[in-house]
Amino acid sequence: EPEVTQTPSHQVTQMGQEVILRCVPISNHLYFYWYRQILGQKVEFLVSFYNNEISEKSEIFDDQFSVERPDGSNFTLKIRSTKLEDSAMYFCASMPLAGGQETQYFGPGTRLLVL
Amino acid sequence: GNSVTQMEGPVTLSEEAFLTINCTYTATGYPSLFWYVQYPGEGLQLLLKATKADDKGSNKGFEATYRKETTSFHLEKGSVQVSDSAVYFCALKESGGYQKVTFGTGTKLQVIP
């Protein structure tokens with residue numbers, strides 16, 4: 001069964017460094033998302049992406065964050081200058097062409113630790 | 001805006017006990033409702049879903065019924081197993097387009113032998 005994959009599974013970085021989290025959505029899906037889950041808290045929406053542009057973003061998704069679909073398969077989340085509070089599990093999700101009832105499928109997550 | 005409220009955990013049950021995790025929602029439109037499960041150290045897996053009122057989603061012995069009149073989507077299982085120990089998230093997604101998923105806070109379930 002097709003699944004969303006994410007790399008790396010874990011990343012440790014120093015505060016102020018740039019990180020790029022990578023996702024390979026399910027191949028025939030057209031909508032892509034990033035969510036994050038700070039340890040012990042709820043899963044929060046960051047951004048949605050369709051047709052090579054951001055569809056919606058949350059207030060968390062400030063200028064330090066960017067997303068890109070550099071080729072036909074990858075979907076990336078970049079954090080330009082990481083802060084301690086960026087430490088979280090980051091989930092990528094994808095969804096096929098929306099007709100109203102489609103389900104988002106989540107990847108296994110990347111656990112980011114900022115020191 | 002949309003929101004999901006689910007019962008606080010942790011919930012500790014003995015094996016073969018009956019499980020209910022309550023979930024209620026607030027939404028402006030006609031959302032689809034979901035239960036996701038997160039096993040220790042793993043990502044989010046879709047457990048079940050329902051897309052309209054009175055629909056019942058079911059999977060692996062779990063079930064939940066979309067109740068529009070009470071805006072609820074309670075998760076139930078008749079006989080839990082140790083392997084069901086995980087965090088369960090109730091969630092909703094408005095219909096149409098790129099709509100994001102809104103999650104509840106999660107309920108940790110621990111099943112003891």
Side-chain angles (χ1 to χ4, degrees), chain A residues 1-7 9-10 21 23 26 29-61 67 88-111, chain B residues 1-10 21 23 25 27-55 57 59 64 66 73 86-108:
Chain A
E1 185 175 334
E3 57 185 23
V4 177
T5 59
Q6 291 184 241
T7 55
S9 57
H10 294 78
L21 310 183
C23 168
I26 295 172
H29 286 190
L30 298 178
Y31 290 81
F32 313 111
Y33 308 82
W34 284 101
Y35 293 79
R36 79 172 186 190
Q37 182 186 28
I38 294 172
L39 188 64
Q41 299 185 24
K42 70 163 71 175
V43 179
E44 303 172 289
F45 167 77
L46 292 178
V47 66
S48 58
F49 191 86
Y50 170 70
N51 200 26
N52 285 320
E53 60 183 28
I54 290 173
S55 305
E56 184 181 0
K57 58 184 180 179
S58 73
E59 58 190 24
I60 302 168
F61 194 89
V67 289
M89 178 77 92
Y90 287 81
F91 293 106
C92 173
S94 70
M95 189 174 77
L97 181 64
Q101 309 299 349
E102 280 73 11
T103 299
Q104 291 181 20
Y105 293 88
F106 286 77
T110 293
R111 187 171 295 283
Chain B
N2 297 337
S3 67
V4 176
T5 302
Q6 58 182 108
M7 62 188 287
E8 297 222 4
I21 300 178
C23 171
Y25 68 90
T28 53
Y30 299 94
S32 296
L33 302 175
F34 307 84
W35 278 100
Y36 285 87
V37 58
Q38 185 178 33
Y39 297 102
E42 299 186 15
L44 295 166
Q45 298 178 26
L46 178 65
L47 179 61
L48 55 84
K49 72 174 186 178
T51 58
K52 61 183 187 297
D54 300 325
D55 267 3
N59 186 26
Y66 190 140
F73 192 55
V87 180
Y88 292 82
F89 291 91
C90 186
L92 69 81
K93 186 178 83 68
E94 292 279 12
S95 62
Y98 52 81
Q99 299 292 343
K100 62 183 181 284
V101 176
T102 300
F103 287 87
T105 52
T107 301
K108 184 175 181 179

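As a basis for the values below, the full set of heavy atoms in this structure was taken, side chains included, without hydrogen atoms, waters or symmetry mates. Numbered from 1 within each chain, the chains take letters A, B, ... in sequence-line order.
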Of all the heavy-atom pairs spanning A/Phe91 and B/Gln38, show the shortest one and how long it is.
-> CZ-NE2, 3.6 Å
Counting only heavy atoms closer than 4.5 Å, note whether B/Leu44 contacts chain A via side chain, backbone, both or neither.
-> both
Rounded to the nearest 0.5 Å, how far does CD of A/Gln104 lie from NZ of B/Lys93?
-> 6.0 Å
Got a second to check how far A/Lys57's NZ is from B/Lys100's NZ, nearest 0.5 Å?
-> 13.5 Å
Sorted by chain and number, sequence neighbours left out, side-chain contact (heavy atoms from CB on, under 4.5 Å) with B/Thr105 holds for A/Lys42, B/Gln6
Is the shortest heavy-atom distance from the side chain of B/Thr102 to the side chain of A/Phe45 under 4.5 Å?
-> no
A/Tyr35 vs B/Val101, side chain to side chain contact (heavy atoms under 4.5 Å, CB included): CA-CA, chis, key distance, verdict | CA-CA 9 Å; A/Tyr35 293 79; B/Val101 176; 3.4 Å; yes
Any chance you could lay out the ring-ring contact (aromatic ring centres under 6.0 Å, His included) test for B/Phe103 and A/Phe106, step after step, and finish with the verdict?
-> CA-CA 13 Å; B/Phe103 287 87; A/Phe106 286 77; 5.7 Å; yes
Apply side-chain contact (heavy atoms from CB on, under 4.5 Å) to B/Asp54 and list each qualifying residue two or more places apart in sequence or on a separate chain.
-> B/Arg67
Report the option among A/Gln37, A/Gln6, A/Met89 that has the most heavy-atom pairs separated by less than 4.5 Å from atoms of chain B.
-> A/Gln37
Taking atom CD of B/Glu42 as the centre, report whether more than 12 heavy atoms of other residues, nucleotides or ligands fall under 6.0 Å from it.
-> yes
